[in-house]
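See below for the structure under consideration.
Only heavy atoms go into these numbers, but all of them, side chains included; no hydrogens, no water, no symmetry mates. Ligands are counted one by one from 1 in listed order, and the atoms in each one are counted from 1 as well. As the structure is a computational prediction, the values presented were derived from the model and not from experiment.
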Amino acid sequence: MGLLDRFRTGLKKTRDFVAAGFTRIAASMGRFDEDMLDDLEALLVQADCGTACAAEMTRSIRERIRETGDDSAASVLGVLHAKMLEILGPARRLEITPGKLNILLMVGVNGTGKTTTAGKLCQRYRTQGLRVVLSAADTFRAAAIEQLQAWGDRTGTPVISHTEGSDPAAVVFDSIHAAAARKSDVLIIDTAGRLHNKQNLMDELSKIRRIIAREAPEAVCTTLLVIDATTGQNAVVQARVFAEAADVDGIVSTKLDGNAKGGVAIAVAYETHAPIMLSGLGESVEDLIDFDAEAFVQSLLPG
Ligand SMILES: Nc1nc2c(ncn2[C@@H]2O[C@H](COP(=O)(O)OP(=O)(O)O)[C@@H](O)[C@H]2O)c(=O)[nH]1
Ligand SMILES: [Mg+2]
């Protein structure tokens with residue numbers, strides 16, 4: 001299945017909802033007036049694009065109608081398409097710098113898919129012939145360490161771990177030195193996503209960042225925020241908290257396969273100003289793709 005079809009399948013629910021809504025709103029006369037634009041804004045909010053983001057999209061549509069006088073459904077759809085792409089921003093791939101240690105720090109709330117994404121990325125880089133080390137810095141539960149170990153076994157990758165309850169920063173310290181000793185290309189750090197309170201989270205993440213800066217000053221470090229696209233506006237709230245607690249370089253939007261709320265990805269990009277780099281489209285190892293904004297928007301909108 002091609003990329004567009006995979007997105008189409010995953011986003012079917014959102015697309016059906018948005019397409020049906022758009023058609024219903026436009027049906028009366030095919031031209032948009034103020035009331036219809038209000039309805040469209042409400043539709044975008046219901047599609048989980050977020051209130052501020054939805055308002056910005058309809059503001060652009062109003063502006064365009066004022067400028068051009070074109071209030072046709074086709075024009076409105078065109079502006080919506082362009083605006084969504086603008087919010088998602090220019091494509092930013094997760095690149096690996098050759099000859100350097102590339103550290104990927106996975107952050108995000110429990111259950112969003114950090115460990116799974118770490119495993120999928122591990123497989124991707126192993127297939128490319130790169131040397132990878134996995135770091136089990138989610139020390140909160142023994143099961144979390146075992147889960148990462150299973151990905152290590154599956155992909156033939158060393159996993160650096162301590163016992164349950166140990167200091168995540170100490171695991172990161174050991175992982176950096178293990179990666180250096182092995183002349184690794186990529187070190188993927190899996191973290192716990194406890195959101196008991198923001199200060200706690202900030203402290204833990206900044207401690208890890210300090211260790212990285214001190215022990216691997218030459219490394220290229222990328223912080224990836226993993227969000228679950230099925231959780232709706234909750235994902236947006238989480239993204240905001242994590243964006244404040246950590247310097248997020250890119251977003252991984254997982255679970256765009258089943259009951260995804262497609263608008264969430266747009267809302268998160270709008271809130272964090274961080275590029276969506278990767279999408280999870282399932283639980284197995286091949287279900288990780290580079291995000292493609294054009295294909296995503298095409299899958300979301302009617303036509
Ligand atoms: N359908 C689907 N499930 C996913 C995806 N990514 C992760 N999961 C599942 O979500 C659950 C939580 O994932 P996990 O990696 O343990 O999350 P973590 O707590 O952030 O490390 C697991 O059952 C995963 O198999 C995805 O892209 N699609
Ligand atoms: Mg985990």
Close approach of G282 to ligand 1, heavy atoms, under 4.0 angstrom: yes
Heteroatom distance test (T117, ligand 1): nitrogen or oxygen, under 3.5 angstrom: no
Parallel, tilted or perpendicular, as decided by the 30° and 60° cut-offs, for the rings of F291 and F7: perpendicular
Nearest protein heavy atom with distance in Å, relative to atom 12 (C) of ligand 1: G111 O, 3.6 Å
Test item, D190 contacting ligand 1 (heavy atom, 4.0 angstrom): no
CD (E218) with more than 12 external heavy atoms under 6.0 Å: no
Polar proximity ligand 1 side, T254 side, N/O cut 3.5 Å exclusive: no
Residue portion contacting ligand 1 (non-hydrogen atoms closer than 4.0 Å) for V109: backbone
Shortest protein heavy-atom distance from atom 17 (O) of ligand 1, along with the residue and atom involved: G113 N, 3.0 Å
F17 ring center near F22 ring center (under 6.0 Å): no
Numbered atoms and elements of ligand 1 in range of K114, under 4.0 angstrom, heavy atoms: 15 (O), 17 (O), 18 (P), 19 (O), 20 (O), 21 (O)
Per-atom contacts, ligand 1 versus K120 - under 4.0 Å to a heavy atom: 27 (O)
For atom 9 (C) of ligand 1, closest protein heavy-atom neighbour: E283 OE2, 3.8 Å
Any side-chain donor near an acceptor of the partner, R131 and T157, under 3.5 Å: no
Close approach, L281 and ligand 1, non-hydrogen under 4.0 angstrom: yes
D38 atom CG, neighbour heavy-atom count above 12 within 6.0 Å: yes
The Mg ion (ligand 2) to nearest N/O/S of N110 less than 2.8 Å: no
Side-chain H-bond candidate by donor/acceptor type, D228 with T231, under 3.5 Å: no
Heavy-atom nearest neighbour in the protein, as seen from atom 15 (O) of ligand 1, with distance rounded to 0.1 Å: T116 OG1, 2.6 Å
Atom indices of ligand 1 within 4.0 angstrom of Q147 heavy atoms, with elements: 14 (P), 15 (O), 16 (O)
Non-hydrogen atom of D257 closer than 4.0 Å to ligand 1: yes
Minimum-distance protein heavy atom relative to atom 21 (O) of ligand 1: T115 OG1, 2.8 Å
Donor-acceptor contact present, side-chain T58 to main-chain A54, <3.5 Å: yes
Heavy atom of the protein closest to atom 11 (C) of ligand 1 (residue, atom name, distance): K255 NZ, 4.0 Å
Heavy atoms from other residues, nucleotides or ligands near CZ of R15 exceed 12 (cutoff 6.0 Å): yes
For N110, the ligand 1 atoms whose distance to one of its heavy atoms is below 4.0 Å: 19 (O)
